[in-house]
Amino acid sequence: MFKKIIRLGVAGLLLASLATSCSDEQQFTNENTDARRIEVSQLSADMAKVRDYVPLYAVAAHRGSIFWTPEETEASWRWAREMGADYLESDMQATKDGIVLANHDENVKRTTNIQSFFSDYVPTEVRKAFYRSFKNSDGTQHFSEADIEAQYQRDVNDFRTYYTMSYYYAELLMLDSGEWFNLDNSTKEQARPKYKATQLGRVNNTKDGLIYSNGLYVSAIQDQIAFAEGKKLKRDANGVRILPYKIKDKYKNMTLEEIYNSEKKTVKCDDPSVSYSYAAKYMDFVEYDFANAYVNDEQDTGNRPGIYIEFKESWLNPKDMEVRVYNVLHECGWNIVTNPSSDTQFYKGGKVNVGNTNGKVILQTFSFDALHRAYDVFKGQVPMCFLLWISDPPYATDIAYDTPTGYADFIRYGQEYGAHIIGPAISGAPNNYPEMNQPWQAYMIRKSGMINHPYSFDSYAQMSKYMGYYTDYYGQGNTTMFDDVLQLTIPATAYTNFTGTKSVPVYMDGFFTNRSEISLRYMIENGFRCNANLPNPFHPGQKFDNSQAPSVVPDVEATLVRLGY
Amino acid sequence: MKKYFLIFALAIFAFAANAQDFDTDPTLKVDNNEKDVHFTIGARMMADAAYYNTDFTPLQSGAAITDARIRTSMRYKDWYFYADFGFGKGKFAQKNIFLQYTKTTENGDAHSIKLGYYNDPAGSMARNTSLGSYHFISRPGSSNALGEGRELGISYKYNSDRFMAYQGIFTENAYNKIESGFNGITVAGRYLVRPIIDENQTLHIGVNGRFAHMGGGVVTNNVLKKTLYLGQPLETYVDEDDQFVSCELPWIDNVIDLGAEVLYHNNRFFVRGEYMYKHTTKKRDSNTLWEASNNNIDTWGSYDWWLAANPLRSDNFHGGYVEAGFLIFGSPYKYNRSEGLLGGLNGKALEIVARYNYTSLNDVNEGEYFAVGRNQYYPNGYMEDWPYASSSVGGGKVNSYTIGMNYSFNKYVQLMLDYTYHRLQKDFLPYDKNVHMGQARVQFTF
């Protein structure tokens with residue numbers, strides 16, 4: 001019996017030692033370790049070619065500027081262009097007449113005076129005046145009163161308060177898109193009297209129908225492109241925008257009812273086999289004269305940034321949104337599929353030249369629907385950024401499992417549907433977004449061959465963190481476990497605050513910033529801009545040259561004053 | 001009389017303190033043959049050590065007291081009372097507690113009525129077999145995923161040499177601990193024929209069936225939502241993580257289980273196996289939910305659209321196992337006729353065993369896309385912002401292969417060693433394909 005107990009004891013000890021000698025890496029889930037263990041799909045050679053249309057370390061001015069100017073307006077775009085940003089960023093939504101405009105929120109309540117200007121109901125007088133403003137060649141009213149009344153009732157049924165889909169673009173041009181900014185910043189240095197319209201929109205039944213306001217407007221995508229091209233809005237002596245409209249030829253012999261019930265389909269301009277239908281409520285019978293809506297900006301100093309445009313959640317927009325944007329880009333000469341560029345220099349003579357290259361347009365979206373449709377329309381031939389967000393409980397387009405496995409799944413899915421860039425949220429004040437660009441996440445993006453464009457930067461501290469310096473704040477040579485892939489050696493330039501070279505892990509390849517002036521200065525001083533010998537992580541051994549980028553960041557205030565604000 | 005009082009007090013203490021289903025004969029007995037009163041008390045302890053090797057998601061290797069029980073029983077003439085309580089892993093749990101009346105006829109046929117909390121007759125052969133008498137460290141995974149355990153109810157069993165018919169009616173929850181609804185109702189039965197049964201060998205073939213109407217759930221938006229959880233650990237107790245094979249089934253209404261079993265043994269060899277099939281039906285108050293969904297600017301537009309966007313269908317799952325053992329030396333294998341089960345090792349013995357188990361909790365619609373980053377199926381084959389809900393269930397599939405050796409030092413102490421290889425397939429855990437585990441158990445029963 002004693003021997004048996006001894007045998008049992010020995011067996012128990014052996015088992016216990018086996019159990020306690022288990023490999024440590026099996027003991028818990030470690031994102032840093034797992035990120036290296038799992039497969040990350042690689043961008044194809046064709047996709048990599050399109051990826052390389054985008055300059056490394058690109059600075060995208062988030063909504064133009066949300067700190068210094070009313071966002072996504074003429075002021076914000078012109079300012080960002082003059083500051084030297086590489087891209088003017090925006091969010092696309094459609095009006096009732098199908099104009100693609102720039103608006104971040106799901107409605108225009110926050111960024112216009114719509115609540116005080118229109119009621120929360122269909123703008124009755126304005127809407128009817130708008131319909132009456134269409135004239136025949138003999139000067140008579142085009143649509144009958146009965147037709148207008150019936151259409152008004154349909155408008156009532158289709159109305160969704162303050163959403164862009166409920167208003168004609170001409171109606172939105174009656175609003176003031178600048179006053180709210182002054183009210184929000186009344187005690188801060190950003191508020192400027194010039195942001196506020198001195199004259200709001202009104203109805204003039206005897207003349208032009210709708211008279212626009214004379215301040216900052218909700219921008220159409222054509223406006224954004226014009227600002228990127230060094231132009232500004234054409235205005236009359238009172239500062240009112242000049243943008244006449246008429247009935248599109250296709251609809252000129254139809255009543256409003258016939259227009260409402262007509263086939264609602266948008267065909268891709270260069271490929272009739274691709275078309276998307278849209279809901280009857282979208283009355284895109286109005287043609288605005290965008291071709292004559294701009295003048296050269298006398299304050300333009302030659303920067304030619306690209307545009308970075310976001311397809312919003314699919315329910316905000318008609319189903320033809322992606323093909324509609326494709327066609328607008330084509331009409332503006334900004335569709336690199338139909339009108340590719342031979343210019344490959346992102347910077348020329350100390351000026352931004354991205355807007356003249358095949359990198360002039362970057363698409364972006366959180367939406368799975370938009371990603372899917374954009375792939376069908378753009379075929380992955382235009383750079384696309386797949387944006388990532390996480391919340392609890394997860395929203396419909398969120399990544400719900402922000403684990404290496406979940407992250408790899410979204411990277412693969414993005415690639416499958418034409419994305420070349422991943423756009424993760426970053427933490428830090430004042431937005432305090434969830435952190436989705438930890439070193440292991442930046443590592444996975446880099447490993448996939450995709451570009452990493454995190455959003456959005458507001459501070460020098462954030463810039464420093466994601467450019468890797470926070471791991472080596474005191475110059476002690478601290479390392480992270482992903483340095484083998486993320487570590488870059490940056491040579492000094494005439495503009496850097498260091499000499500020789502500096503090696504740092506870099507957790508991004510470009511970014512969205514709310515503070516272009518801070519970000520650009522940081523990039524220049526730390527050698528990521530205005531440098532002829534930057535390492536190219538996507539092409540090891542090759543250099544990336546952005547030495548011709550502007551080396552001086554203009555003064556914010558002086559620039560705003562120079563631009564007339 | 002004092003002696004009887006003491007034993008009774010011990011039994012009460014056992015209830016109050018803590019103690020399963022033992023099918024071994026307890027050692028500690030107190031008999032009063034004059035009055036035909038018989039008390040027993042017993043206990044059991046299982047200490048397991050396990051080493052796991054996984055591809056990706058870790059399991060925690062280590063050791064644990066996986067089971068500790070105290071049992072007691074009292075028999076008076078044809079009446080039998082039994083209770084056992086567990087406190088393994090530091091948690092107290094009520095196990096079996098029942099009263100049984102048995103009348104044996106002159107030709108040896110037995111008629112029993114059993115009332116209390118005990119294993120569902122159709123819960124599977126494996127689940128009805130005491131773990132203390134099992135020839136593997138764990139029951140097969142399929143029996144844990146698809147079988148049933150204890151339920152509160154009343155049953156009638158007819159048993160003869162050739163036949164066993166065991167059926168009963170049960171409730172869903174032993175303590176009526178449900179938030180809303182009622183305590184459900186289950187009817188279940190197990191039926192065996194024994195073409196061969198003698199001193200040295202038995203062949204039994206059986207079928208079982210179970211119908212459960214789920215009653216309890218939670219109320220949301222004035223609708224009772226009943227949910228069924230199915231899952232199995234990877235045939236181990238040291239880390240009972242069941243995320244590899246598990247699923248949650250909302251809007252459950254009825255559960256139908258069908259099973260078939262075969263068992264053969266002779267003195268030195270046994271083989272047994274089961275097939276289990278589970279069919280679940282769903283039900284919900286769609287109209288009320290549709291109306292509640294209208295309290296929002298974004299609605300589905302019409303009831304028919306809402307229904308199309310929120311499909312509900314029944315699910316089907318299945319699994320099974322085959323086990324075999326060979327006795328190198330020791331007392332021959334014994335068959336428990338009254339329970340229709342194979343007994344455990346008895347006295348000094350050494351055996352080798354092997355098992356194959358298959359469990360599938362996958363019921364996925366063809367053509368759907370699964371997004372790992374969202375743990376969600378998409379019916380149209382790609383991700384959408386607001387897709388129709390999927391009715392797919394991706395609980396996971398596993399094929400498990402076990403070989404083992406059991407050494408019984410004596411009637412009380414047994415050492416068990418198992419090696420198991422699991423081949424996994426679960427959409428949400430794409431990097432977990434292979435799991436290897438070595439396990440050992442020291443078991444003490446009296």
Side-chain angles (χ1 to χ4, degrees), chain A residues 1 4-5 7-9 11-30 34 37-39 160-161 163 313-316 365-372 375 388 390 394-413 416-417, chain B residues 47-64 238-239 241 243 297-298 348 369-376 378 380-387 405 407-410 412-417 426-432 435-444:
Chain A
M1 183 64 189
K4 287 175 187 169
I5 292 170
R7 276 186 228 148
L8 192 64
L13 284 171
L14 284 172
L15 287 167
S17 62
L18 182 68
T20 52
S21 64
C22 302
S23 49
D24 287 346
E25 73 272 13
Q26 289 277 324
Q27 290 179 2
F28 59 96
T29 298
N30 180 330
D34 289 350
R37 293 167 67 198
I38 65 174
E39 187 186 336
R160 189 164 179 151
T161 309
Y163 283 67
E313 293 94 325
S314 56
W315 61 270
L316 280 171
T365 192
F366 289 96
S367 163
F368 306 142
D369 289 344
L371 185 73
H372 190 251
Y375 183 59
L388 303 183
I390 190 166
Y395 182 66
T397 56
D398 286 357
I399 184 171
Y401 293 85
D402 186 22
T403 59
T405 312
Y407 217 79
D409 183 52
F410 266 54
I411 286 174
R412 185 193 51 72
Y413 191 82
E416 217 166 278
Y417 287 95
Chain B
D48 292 5
Y51 170 72
Y52 309 117
N53 180 280
T54 62
D55 285 346
F56 195 79
T57 304
L59 286 169
Q60 270 62 54
S61 300
V238 174
D239 186 337
D241 188 342
Q243 66 170 313
I297 191 167
D298 296 306
K348 186 170 181 175
Y369 174 80
F370 181 77
V372 178
R374 289 187 58 82
N375 192 11
Q376 185 175 349
Y378 288 84
N380 286 333
Y382 50 84
M383 290 164 78
E384 295 175 284
D385 293 354
W386 298 101
M405 188 172 71
Y407 178 67
S408 178
F409 292 89
N410 49 48
Y412 308 110
V413 181
Q414 186 174 327
L415 174 67
M416 307 175 79
L417 298 170
K426 182 164 185 166
D427 288 339
F428 183 56
L429 301 169
Y431 294 98
D432 289 295
V435 176
H436 302 268
M437 51 176 61
Q439 299 186 79
R441 167 175 293 165
V442 175
Q443 173 177 307
F444 176 70

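Within every chain, numbering begins at 1; the chains are lettered A, B, ... in the order of the sequence lines, protein sequences first and strands thereafter. Quick caveat: nothing in here was measured; it's all calculated off a predicted structure.
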Practice task
Would you please test Val372(B) and Tyr401(A) for side-chain contact (heavy atoms from CB on, under 4.5 Å) and show each step?
Solution key: CA-CA 8 Å; Val372(B) 178; Tyr401(A) 293 85; over 6 Å; no
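For the atom pair OG1 (Thr405(A)) and CG (Asn375(B)), the distance works out to 11.5 Å, reported to the nearest 0.5 Å.
Listed for the Tyr413(A) side chain is no donor-acceptor partner under 3.5 Å among the backbone atoms of Tyr382(B).
With a threshold of 4.5 angstrom between heavy atoms, Pro387(B) does not approach chain A through any atom at all.
Note: Ala400(A) leads Ala370(A), Ala400(A), Pro394(A) in heavy-atom pairs under 4.5 Å with chain B.
Nearest heavy-atom pair across Phe368(A) and Glu384(B) is CD1-O, 3.5 Å. Pairing each heavy atom of Arg412(A) with each of Tyr369(B), the nearest pair is NH2-OH, 2.6 Å.
For Ser314(A), the side chain to side chain donor-acceptor pair (under 3.5 Å) criterion is met by Asp369(A), Asp385(B), not counting sequence neighbours. Applying the side chain to side chain contact (heavy atoms under 4.5 Å, CB included) criterion to Tyr395(A), with sequence neighbours excluded, gives Glu313(A), Trp315(A), Ser391(A), Thr397(A), Asp398(A), Trp386(B).
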